[in-house]
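Report on the structure given below.
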Amino acid sequence: MRDLHGWPDPGPIRIGVYVCHCGANIAGTVDVRAISEYAASLPGVAVSRDYKYMCSDPGQALIKDDIASHDLNRVVVASCSPLLHELTFRRALNAAGINPFFLQMVNIREHVSWVHLDKRAATEKTQALIRAAVRRVSLHKPLQKRRVPINPNVLVVGGGIAGIHAALTLADAGKQVHLVEREPTIGGHMAMFDKTFPTLDCAACILTPKMTAVGSHPNIALRTYSEVVQVDGYIGNYKVKIKRKPRYIIDELCLGCQECIAACVYKEGKAPDEFNLGLSKRKPVYLPFPQAVPQKVVIDPETCIEFKSGKCKKTCIEACGERKAIDFKQKETFEEIEVGAIILATGFKTFAPVRNPNCGYGRYQNVYTSLEVERLINASGPTSGEVVLRDGKRPHSVGIIHCVGSRDANTNRWCSKVCCMYSLKLAHLVKERTGAEVFNFYIDMRTPGKGYEEFYDRLLDEGVHFVRGRVAEVSDWAVHPSEEGKLVIRAEDTLAGFVRRIPVDMVILSVGLEPQADAQDVRRLFNISCSSEGWFLERHPKLAPVSTFTEGVFIAGACQGPKDIPESVAQAGAAAAEALALIDAQFVEMEPYTASVLEEECSGCKSCIPLCPYQAIAFLEDKKKASVNEVLCKGCGTCVAGCPSGSIQQNFFEDEEIFAEIEGVLSYA
Amino acid sequence: MKFAYYPGCSLRGTGRAYEESLLAVFRALDIELEELDDWNCCGATTYMSVDELTSYALAGRNLALAERKRQDIVAPCAACYLVLNKTQHYMEDYPEIKLTVTRALAAIGLTYDNHVRVRHPLDILLNDVGLKAIAAKVKRPLKGLKVAPYYGCQIVRPYSTFDDQRNPTSMDRLLEACGAKMVHYSLKTRCCGGSQKGTLPEIGLDLIHYLLSEAHKYGAEAIATVCPLCQFNLESFQKESGDRHHPISIPVVYFSQLLALALGAPANKIGLQRSLVPIGSVLAEKEIAYA
Amino acid sequence: MELKRTVKFEADRDPEFARWISHTVGGERIRHCLQCGLCSGSCPLSLYMDYTPRRLMHLSREGFKEEVLGSTSIWLCTACYACMVECPKNINITHLMYALKQRAITEHFYPKRFPIPVMARQFGLMVRGAGRITESRLIVRVFLRTAFWRLLGMSALGMKLFRTGRMPLLREKIERRKEMATLLDSVTATKRELAL
Amino acid sequence: MPDLHTELARPQAVFEPRIVAFFCNWCTYLAADLAGTSRMKYAPNVRVVRLMCSGRVDPQFVLAAFAGGADGVLIGGCHPGDCHYQEGNYKTLRRFRLLQRMLRQMGIEYERCRLEWISAAEGDRVRTVINDMVEKVRVLGPLDLKLPEELVETILSEEVAV
């Protein structure tokens with residue numbers, strides 16, 4: 001029977017309570033002095049102090065000294081969230097020679113001072129939380145972290161520039177990397193661009209060498225046209241199941257000679273070419289683009305005659321000849337690998353402008369997205385680098401509309417960060433290729449970055465027009481004779497203070513960046529979180545930007561939020577370094593919050609067994625008792641709450657400890 | 001299906017044809033309407049702009065009367081539809097508005113508890129009746145009559161939940177189901193000038209001209225409207241706006257008139273005789289018997 | 001060439017007006033305005049306005065009351081709600097236009113014989129008396145008080161409407177007319193009490 | 001005729017409800033941290049107890065909180081399908097339904113015990129849920145649980161788990 005109102009035997013327990021000011025962050029709202037005095041009055045408390053910054057070296061030294069001089073055996077620190085500094089203070093306890101789990105933290109910054117205005121109420125709440133912690137900590141038992149060995153292999157998901165860079169960094173450091181890409185080739189969005197801002201160096205020239213390096217690196221196992229379908233395990237020991245979609249080509253046999261493509265019974269392209277965003281057609285057997293890695297063709301069963309009727313002449317097989325690389329019977333295959341760390345670099349998708357009907361996309365054929373124009377400008381694109389309209393004519397005037405699907409409460413609220421710069425780049429390239437008058441419609445020009453503002457200057461010099469105003473409508477409604485047959489862009493020129501109507505031949509929509517359509521599925525698969533917008537959530541926005549709340553899973557590139565190429569590469573490097581730091585330690589320490597069965601009390605009812613999602617509970621037939629496998633247990637405590645006889649307990653979250661906490665927050669001093 | 005029918009003042013004046021044709025449509029589709037007992041003016045936009053609280057109270061009386069009958073309201077007039085909906089939204093969002101209206105209603109022995117849904121005929125025809133059911137009852141197909149749908153402002157913006165606010169299509173789908181061919185032009189939700197024609201005539205005439213000429217340019221043989229004021233503006237000032245720009249003559253009808261025609265109602269029972277720009281010759285050309 | 005001082009001093013601002021606009025119904029988000037001009041671009045009347053809606057938003061939140069209430073723009077708004085559904089910051093621009101109109105009327109900021117306030121007044125009187133509007137009667141009343149000569153120009157249209165039965169002169173009215181006065185008086189009383 | 005002052009100005013309440021919250025470490029506790037870093041302001045009536053998973057919430061914790069003087073109990077977990085431990089929150093939901101029924105029998109109003117799914121990104125939801133719950137419990141007034149000591153003991157020793 002539990003005692004609801006009594007204290008646990010204080011006996012030899014000697015508690016030190018430390019209240020942090022966090023500068024004015026806490027002290028501004030909570031009366032820290034009063035709290036410290038109040039704590040001193042609580043049973044079991046031997047020392048109580050408040051200090052400016054408990055997490056600082058002198059702050060930690062204060063605790064260590066007190067442990068020695070006052071013979072403390074329990075410590076309560078009231079400061080910020082335990083997720084920030086629990087580890088810091090546990091180390092301090094450890095250094096002072098007492099078990100680190102004799103610590104209890106009280107979150108009086110995020111949960112009190114930053115969210116309440118009323119000083120009196122905030123102080124009262126703090127008192128209650130301190131009381132609870134003091135009661136709880138008296139019951140703490142000494143615990144030991146578990147050491148688990150780490151598998152040194154790393155999985156990288158996504159073969160865009162971020163994934164490529166992370167994979168190469170790890171592989172160069174001698175680690176075995178599994179790179180999984182769902183498209184038939186790596187390269188991602190960057191491979192679609194012609195030039196990159198602000199230096200205007202050719203995207204292919206800087207990307208292709210890296211792609212080839214991935215393809216030939218002895219330490220990289222590249223799996224394209226593949227997807228991760230299942231992830232089990234935990235930090236250092238993940239089991240990952242990968243599905244390989246059939247490309248109807250035997251990878252090992254295909255040389256990439258492309259004879260089959262030339263030989264296909266279709267003499268012209270048949271299906272919309274995905275890589276060119278449907279601006280051109282490709283055959284049922286194809287290579288996504290000339291520099292694709294791996295250089296292996298793909299057969300699209302949706303358009304291939306053999307798949308439809310089985311009556312094709314199969315000229316492709318003839319052309320392949322002795323290699324026999326084509327296999328119409330290929331099936332999808334599954335493979336399981338083991339890795340210690342995972343880097344997600346799954347990228348972004350561009351905003352679909354049909355969601356914003358006023359910009360005319362889909363209604364007027366000469367309204368393009370920026371990505372489509374990237375393909376038009378690209379020398380290996382559908383028009384071999386010619387910027388022309390659908391009828392093949394060169395535009396004399398072009399309007400570039402910024403912020404389509406960005407900074408808009410009706411679609412996406414966020415700034416997509418890269419559009420201003422890529423719009424400038426497109427303005428430059430379009431003007432260079434066509435000599436057209438180019439108008440940029442922007443809300444604010446955002447060019448923070450090395451050499452970016454200078455690039456803006458250059459565009460101003462080149463005579464590109466800049467109209468500050470969000471475009472209200474693109475339409476074919478002509479009011480003035482000069483507008484007949486044109487697309488009229490209507491926007492307020494906010495710097496001039498009136499509405500302008502500007503007729504153009506071509507409209508380019510600078511579409512914003514969005515989370516991938518399946519970001520939520522991927523997030524669930526890898527057990528991480530997303531921000532409310534759908535971007536993968538980092539562990540800390542400033543101090544842990546590539547870590548997630550799931551240990552051993554890192555994020556890089558635009559899957560975390562809009563990013564340009566330099567930033568994506570920098571993040572990929574950071575994620576690779578984090579993964580390296582993790583696996584090079586060889587062991588990882590796990591929280592000891594596991595559950596265990598008190599054999600003498602277990603009635604053998606087996607009701608806990610289905611509760612565990614990890615199959616960590618086994619039933620010992622000989623003893624007729626349940627038993628928790630500590631290695632498999634992840635410490636959620638669901639079985640503990642579900643045990644009808646109360647015979648399962650969870651380290652650090654024992655019933656008594658939680659009851660003490662509940663009583664503590666409720667009982668009034 | 002039974003609704004409280006709220007005609008509003010215009011449908012008893014310049015918009016009589018709207019009422020006549022709409023009632024014919026609802027009759028043909030077996031939807032029962034019961035005129036809201038002793039309804040009063042909704043407050044409309046003019047009132048809204050100078051004394052909004054008063055207009056919420058006026059709208060509130062109508063809502064309360066419908067709630068007492070436990071009926072949802074059908075409001076065909078765009079201004080009424082907007083004001084009634086807006087009143088509901090604002091009573092929820094602003095306690096001071098709720099209090100003012102609640103008190104005013106209490107003074108005349110009424111209460112309102114936000115249980116009434118304010119519906120537009122387009123919404124009911126599309127979602128409660130359905131295109132299939134309507135198409136099945138078409139007796140006199142419109143035979144490719146080229147119609148420019150004109151939605152105007154206040155039906156779709158800002159409170160409609162039954163159609164896309166920026167690119168509405170409900171009227172297109174309804175009339176297509178009756179065999180008409182819809183003309184796509186970019187001004188179908190652009191304002192006709194509303195009451196501005198009465199107060200600042202020159203501006204109103206410009207806006208009217210833009211709409212007429214765009215619809216005409218894309219080959220429209222008639223314009224279909226959902227609002228008595230739009231219909232009035234577009235039909236009555238074709239000459240004046242033509243004098244300022246270039247003359248255009250095009251019949252402007254209510255969508256319900258076309259619908260009623262397709263469902264087999266005789267022309268003189270659906271207000272076609274009240275048109276200032278008669279649609280008769282266009283129908284005759286298409287060999288749509290309309291007598 | 002006539003030159004005018006265009007510099008504005010802090011004393012030219014009315015901070016009370018700025019406070020009022022952001023606290024009035026619909027003004028909650030006016031401070032979020034990023035001055036993109038989408039409202040002006042989508043406004044069908046902005047081509048006639050002295051200050052575009054965007055400028056009015058900024059002038060109001062900064063408290064330039066004279067400029068705002070003296071602007072022609074607030075009278076041009078037809079309440080078509082185009083700006084409001086487009087606004088990337090969900091600002092209730094249409095309602096703010098209403099609020100500005102009301103304020104301009106209370107503070108007598110409109111031109112003489114300007115039809116809009118007259119129409120509103122006649123509209124109000126008719127509703128109070130009959131509970132419903134008879135369009136024909138309203139139009140006659142408004143023109144008599146503003147630009148009666150226009151009535152003559154309109155007579156041809158009037159006759160046509162009359163002939164097609166769309167201009168009934170019969171007065172539309174509700175049965176329980178007394179309720180109107182009670183209802184409207186209650187609103188006035190509450191307004192006064194709450195200083196709305 | 002509704003009274004103006006009672007309707008417009010909330011009465012100056014003297015009763016400040018005491019609410020115990022059980023937040024899971026991975027979603028709702030993080031959301032509460034996010035509310036803090038975003039400096040959102042909410043009512044100071046809630047005291048948070050951190051658990052690794054909402055699945056750890058033993059119905060006895062809730063009963064102990066009510067018996068110990070709480071006026072309300074809030075349980076916060078990850079959204080369905082998003083549990084850090086795969087499905088702990090489903091177990092919570094199952095238990096919660098049973099618990100609600102039992103609380104009902106004890107005369108504890110529905111609104112006093114609440115289960116909410118709040119993800120790590122939903123700091124704003126922490127604020128709205130807490131404010132809303134405090135207001136609702138404030139209206140209900142203090143929990144008048146006149147349970148004799150023995151009954152409390154019986155409750156706590158009873159098997160209430162699923």
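Per chain, numbering begins at 1; letters A, B, ... match sequence-line order.
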Using every non-hydrogen atom in the two residues, find where [X] and [Y] come nearest and quote the distance to one decimal.
{"X": "D:R56", "Y": "A:C636", "result": "CB-O, 3.6 Å"}
{"X": "A:E661", "Y": "D:R50", "result": "OE2-N, 4.3 Å"}
{"X": "A:I662", "Y": "D:A64", "result": "CG2-C, 4.3 Å"}
{"X": "D:C53", "Y": "A:T638", "result": "SG-OG1, 4.2 Å"}

For [X], which atoms come within 4.5 Å of any heavy atom of chain A: side chain, backbone, both, or neither?
{"X": "D:V20", "value": "side chain"}
{"X": "D:Q86", "value": "both"}
{"X": "D:V126", "value": "neither"}
{"X": "D:C24", "value": "neither"}
{"X": "D:Y29", "value": "both"}
{"X": "D:R127", "value": "neither"}

inquiry  = Once salt bridge (Lys or Arg N to Asp or Glu O under 4.0 Å) is applied, what residue pairs with a partner in residues 635-654 of chain A remain, sequence neighbours excluded?
reply    =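 Salt bridge (Lys or Arg N to Asp or Glu O under 4.0 Å) check on residues 635-654 of chain A returns A:K141-A:E654.
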
request  = State whether A:E124 and D:R47 are salt-bridged, where the test is any N-O pair (Lys NZ or Arg NE/NH1/NH2 against Asp/Glu carboxylate O) under 4.0 Å.
outcome  =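 Looking at D:R47 together with A:E124, the answer is no, because their closest N to O distance does not fall below 4.0 Å.
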
CZ (D:R97) with more than 12 external heavy atoms under 6.0 Å =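 Atom CZ in D:R97 is not packed in, count stays at 12 or less.
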
query = Has A:K145 got more than 12 heavy atoms of other residues, nucleotides or ligands less than 6.0 Å from its NZ?
reply =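 Yes, NZ of A:K145 has more than 12 neighbouring heavy atoms, counting only those of other groups under 6.0 Å.
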
From [X] [atom1] over to [Y] [atom2], what is the distance, rounded to the nearest 0.5 angstrom?
{"X": "D:M52", "Y": "A:E591", "atom1": "CE", "atom2": "CD", "answer": "6.5 Å"}
{"X": "A:F659", "Y": "D:D58", "atom1": "CZ", "atom2": "CG", "answer": "6.0 Å"}
{"X": "D:F61", "Y": "A:D655", "atom1": "CZ", "atom2": "CG", "answer": "4.5 Å"}
{"X": "D:L30", "Y": "A:L83", "atom1": "CG", "atom2": "CG", "answer": "5.5 Å"}

Within residues 31-45 of chain D, residues adjacent to chain A where the heavy-atom gap is under 4.5 Å =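 Within residues 31-45 of chain D, the residues under 4.5 Å from chain A are D:A32, D:D33, D:A35, D:G36, D:T37, D:R39, D:M40, D:K41, D:Y42, D:A43, D:P44.
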
message = Sub-4.5 Å heavy-atom contacts with chain A: which residues of residues 108-118 of chain D show up?
response =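 Those residues of residues 108-118 of chain D which would need a heavy atom under 4.5 Å from chain A do not exist here.
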
inquiry  = Below 30° counts as parallel, above 60° as perpendicular, anything between as tilted: where do the rings of A:Y614 and D:Y85 land?
reply    =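 A:Y614 and D:Y85: perpendicular rings.
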
query = Are the aromatic rings of A:F549 and D:H84 close, with centres under 6.0 Å apart?
reply =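 No, the ring centres sit 6.0 Å or more apart.
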
key: Largest heavy-atom contact set with chain A, pairs under 4.5 Å, which of D:C78, D:C27, D:A65, D:G88   =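 Of the options given, most contacts go to D:A65.
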
task = Among D:V57, D:V48, D:N25, single out the residue with the greatest number of heavy-atom pairs under 4.5 Å to chain A.
result =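 Most pairs with chain A among the choices: D:V48.
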
inquiry  = Heavy-atom pairs under 4.5 Å with chain D: which of A:A128, A:C639, A:G635 has the most?
reply    =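 The residue among A:A128, A:C639, A:G635 with the greatest pair count is A:G635.
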
message = Please rank A:V112, A:I658, A:L129 by heavy-atom pairs under 4.5 Å with chain D and give me the top one.
response =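 Top option by heavy-atom pairs under 4.5 Å: A:I658.
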
query = By number, which residues in residues 521-531 of chain A have some heavy atom less than 4.5 Å away from chain D?
reply =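 Checking residues 521-531 of chain A against chain D gives A:R523, A:R524, A:N527, A:S529, A:C530, A:S531.
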
ask   = Side chain, backbone, both or neither: which part of A:N25 has an atom under 4.5 Å from a heavy atom of chain D?
value =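 For A:N25, side-chain heavy atoms alone lie under 4.5 Å from chain D.
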
